Amino acid sequence: MTDVAASSTAGAGAGASASASASGTQVVPNDFQTNIQYAEMEYPNPPKMAVQQYSLPPLPYAYNALEPAISEAIMALHHDSHHQAYVTNLNKALASYAGAANIADQIALLPCIRFNGGGHINHALFWRNLAPPSSEDAQNPEASAPNLAAAVRATFGSFDALIDRFSAALNGVQGSGWGWLVRTAVPQGGLRIITTKDQDPVVGEEVPLIGVDVWEHAYYLQYMNARPQYIDAVWTVINWTEAEMRYNHGRDSIFDELLAHMEADP
Amino acid sequence: MASTLLRTTPAIRAALRTPAAKPAAALFGTSFVRSKATLPDLPYDYSALEPYISGKIMELHHSKHHQTYVNGLNTALETVEEAKEKGDFTKAAAQAPLINFHGGGHLNHSLFWENLAPASKEGGGEPSGSLADAIKRDFGSFDTFRKQTNTALAGIQGSGWAWLVQDKTSGTIGLVTRANQDPVTGNLQPLLGIDAWEHAYYLQYENRKAEYFEAIWNVINWKTVASRFEK
């Protein structure tokens, strides 16, 4: 630390502060002052940094609002218990990361952050890309998602073809995971269906438009081993208005909007 | 193990299901015998592991989930055979992930059923003899082994299994986890498998999987585990 402080002070150059430094009076430019203080604070007593914490966003509809496609019991457990556990464990992992003594300890925490952070992002996206089956958002994709509908026709031919392809991908997920309709990265990019394992999130350049959870906890109480029946039902509760919004906006604005729902109040 | 999982079926029976796909010469011109995977019977009733694992879970798990792996494996193997006959090796190779998944699911569940037993019979308690000695040698104590197993199970991200395994070279035993239905293969001999897929516990324990991991120790068949160890 002494070295850092010394070199920083020296780095201030032969300016006005040279004599002041020699006398021990801290009349260095503000940025160097900040660096010195930060360096001195970091060891041996780490600063109590404000660690970003996250909170469980409320469901945008009632627990029973997706019936009969997804039962109230599933939604209550899925949201209050499963999603909450990802949030709780993400916050713990981020706090541990901030307090980790070295890079090895930090790296060891990355799988935990990826899994629980992914779980938080994926479920936050999922709740908002679902809507009650009687709603206009769910019933009328052509009207709710005009720009997306044009892209769907261009890529897949029709919504039915999209749903066939998407369903096949979801049924093919081995173990726990998700299926996604994404917009590819290039400007005016096309549509693709991808799957991710466990809680791996879509956080690259692709824009997640619709996510469907095929973890067994997402359907087992109602559909048991009949995953294809759950997948058939989920198409009746897709929020096409939300999908259109995501399609029309860039990745950054979608995550900004999503984060507003995910982050804890300061 | 494998011999109990496979039942030989004359090729003609398999071929007759898709008669249009094969010329008559291929149907009758060979004495080749094709093995098909079949669902093994449970060595106890569906309700026999209650209250630790419900009869409903056991019935679905065995008659639906395991059956689906058996069917998937047979379909994938038939696809390989058909692709091979046509010289379509790209298609044959594309079956590899399906054979791993469904074949692993078949093997894992077959091992699992046998390393469980009703608490009123062989289930529960602690191992004895050379297996107990090995657990003490390699884990320190049975209690430590149990705790480490539950920690490994709880740490599985997504679907998978935890296994007590024996290293075939060194003879030492240890814990490993496997994602999805990846089977324990190679230099490791599986001794005890515990299924951490949600379908193994969700109807009874929902999101409280730690309770399932505690409960299952009451129905571990140490006799089976010991016989795998001593083999």
Side-chain angles (χ1 to χ4, degrees), chain A residues 71-90 93 108-120 122-123 168 171-178 195-201 213-230, chain B residues 54 56-73 75-76 94-106 108-109 151 154-161 177-183 195-212:
Chain A
S71 74
E72 179 174 5
I74 287 176
M75 291 302 291
L77 269 169
H78 201 172
H79 178 265
D80 294 2
S81 298
H82 289 279
H83 190 168
Q84 180 66 62
Y86 293 117
V87 173
T88 302
N89 292 325
L90 172 62
L109 285 160
L110 293 180
C112 187
I113 292 172
R114 181 181 184 84
F115 181 67
N116 291 293
H120 188 25
N122 292 342
H123 286 90
N171 278 308
V173 172
Q174 295 182 342
S176 302
W178 292 74
T195 61
T196 55
K197 70 178 175 61
D198 302 329
Q199 293 297 354
D200 286 355
D213 189 349
V214 288
W215 278 59
E216 288 177 320
H217 68 233
Y219 59 85
Y220 210 82
L221 292 183
Q222 186 175 0
Y223 297 96
M224 289 168 277
N225 63 300
R227 187 194 283 187
Q229 289 177 22
Y230 157 69
Chain B
S54 75
K56 178 81 172 165
I57 287 176
M58 290 302 293
E59 182 175 359
L60 279 163
H61 202 171
H62 176 262
S63 71
K64 302 290 185 186
H65 289 279
H66 191 167
Q67 183 69 61
T68 301
Y69 295 119
V70 170
N71 296 347
L73 174 60
T75 301
Q95 302 306 304
L98 292 168
I99 293 172
N100 182 68
F101 182 66
H102 292 288
H106 180 34
N108 292 340
H109 286 91
T151 301
I156 292 171
Q157 296 180 340
S159 301
W161 294 72
T177 60
R178 287 288 181 273
N180 299 330
Q181 296 296 355
D182 289 352
D195 190 346
W197 279 59
E198 290 177 319
H199 67 232
Y201 62 85
Y202 208 81
L203 290 183
Q204 186 173 0
Y205 296 96
E206 297 170 345
N207 63 305
R208 305 178 309 279
K209 62 181 177 181
E211 290 179 25
Y212 159 69

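Since the structure is predicted, the reported quantities are computational estimates derived from the model, not experimental observations. Proteins get letters first, then strands, A, B, ... in listed order; numbering begins at 1 in each.
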Would you check if the side chain of A:Trp178 reaches a backbone N or O of A:Gln199 as a donor-acceptor pair within less than 3.5 Å? no
When rounded to the nearest 0.5 Å, the distance separating CG of B:Asp195 from CD of B:Gln181 is 6.5 Å
Taken in chain and number order and not counting sequence neighbours, the residues that satisfy side-chain hydrogen bond (donor to acceptor under 3.5 Å, both in side chains) with B:Glu211 are B:Arg208
Filtered by a 4.5 Å non-hydrogen cutoff, the part of residues 71-79 of chain A contacting chain B is A:Leu77
Hits for salt bridge (charged side-chain N to carboxylate O under 4.0 Å, His left out) against A:Lys197, two or more places apart or cross-chain, chain-then-number order -> A:Asp200
Is there a donor-acceptor pair closer than 3.5 Å between any side-chain N or O of B:Gln157 and the backbone N or O of A:Phe115?
no
For B:Gly105, is there any backbone N or O sitting under 3.5 Å from a side-chain donor or acceptor partner on B:His109? yes
Whatever's closer than 4.5 Å to a heavy atom in chain A on B:His199 counts as both
Worksheet item: Using the ring of each side chain (for Trp, its six-membered ring), is A:Trp215 parallel, tilted or perpendicular to A:Tyr86, with breaks at 30° and 60°?
Response: perpendicular
The interface call for B:Lys209 against chain A, heavy-atom contacts under 4.5 Å, is neither
If we ignore hydrogens and angles and just use 3.5 Å, is the side chain of A:His123 paired with the main-chain N or O of A:Gly119 as donor and acceptor? yes
Under a 3.5 Å distance rule, please check whether B:Trp197 uses its side chain to pair with a backbone N or O of B:Asn180 as donor and acceptor. yes
Among residues 217-228 of chain A, those lying within the under-4.5 Å heavy-atom range of chain B are A:His217, A:Tyr220, A:Leu221, A:Met224, A:Asn225
For B:Asn207 and A:Ser81 the tightest heavy-atom approach is ND2-CB, 3.2 Å
